[in-house]
Amino acid sequence: MNNFKQFLSDYAGAIIGAIIALLIIFTRLYMLIIGIILVVIGIFVGNYIQNNKSDVKEKIKSFIDRL
């Protein structure tokens, strides 16, 4: 019994993390999280393109010329 208590005290964070991960997977909450991450990436890309229009145009032109 003492070994089990030691195991729980040593790995309590990992056990809680695993339980939370399983809940996220079973409730398909990961789809929402992936969607939110994609929206945030889109916001950053759009902001970068808006602030660096000339650089982006040059990079796109050079990429098309290579093709």
Side-chain angles (χ1 to χ4, degrees):
M1 190 65 174
N2 204 12
N3 290 336
F4 185 68
K5 287 181 182 179
Q6 183 66 30
F7 176 79
L8 286 179
S9 68
D10 288 343
Y11 298 105
I15 294 169
I16 292 171
I19 292 171
I20 291 172
L22 287 173
L23 285 174
I24 289 173
I25 290 171
F26 290 146
T27 59
R28 292 189 180 254
L29 192 59
Y30 65 91
M31 297 296 276
L32 176 66
I33 294 170
I34 291 172
I36 290 171
I37 290 171
L38 288 175
V39 168
V40 170
I41 289 172
I43 289 170
F44 282 120
V45 169
N47 188 32
Y48 176 79
I49 290 172
Q50 183 179 2
N51 291 331
N52 301 308
K53 287 180 185 175
S54 60
D55 292 338
V56 172
K57 283 182 183 179
E58 290 177 23
K59 289 178 184 178
I60 291 174
K61 284 181 184 179
S62 66
F63 178 73
I64 292 174
D65 289 340
R66 279 191 254 157
L67 293 177

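Remember, predicted model here, so these are calculated numbers, not experimental data.
For residues 39-67, the set of pairs meeting the ring pair (Phe, Tyr, Trp, His ring centres under 6.0 Å) definition, not counting sequence neighbours, is empty.
Taken from CD1 in Ile20 to CG in Leu29, the straight-line distance is 11.5 Å, to the nearest 0.5 Å. Between the CD1 atom of Ile37 and the CG atom of Leu32 there is a distance of 10.0 Å, given to the nearest 0.5 Å. We find the NZ-CD1 distance between Lys61 and Ile64 to be 9.5 Å, quoted to the nearest 0.5 Å.
In the hydrophobic cluster analysis, where Ile, Leu, Val, Met, Phe, Trp and Tyr join through side-chain heavy atoms closer than 4.5 angstrom, Phe26 is grouped apart from Ile34. Ile36 and Ile24 fall within the same hydrophobic cluster, where Ile, Leu, Val, Met, Phe, Trp and Tyr residues are linked whenever their side-chain heavy atoms come under 4.5 Å apart, directly or through other members. By the rule that hydrophobic residues join a cluster once side-chain heavy atoms approach within less than 4.5 Å of another member, Leu38 and Met31 end up as members of one cluster. Residues Leu22 and Ile33 are members of separate hydrophobic clusters, defined by side-chain heavy-atom contacts under 4.5 angstrom among Ile, Leu, Val, Met, Phe, Trp and Tyr.
Annotation for Val39: hydrophobic cluster partners, listed by chain and number, are Ile43 (ILVMFWY side-chain heavy atoms under 4.5 Å, direct or chained). Hydrophobic cluster membership for Leu23: Phe4, Phe7, Leu8, Tyr11, Ile15, Ile19 (Ile, Leu, Val, Met, Phe, Trp, Tyr linked by side-chain heavy atoms under 4.5 Å, directly or transitively).
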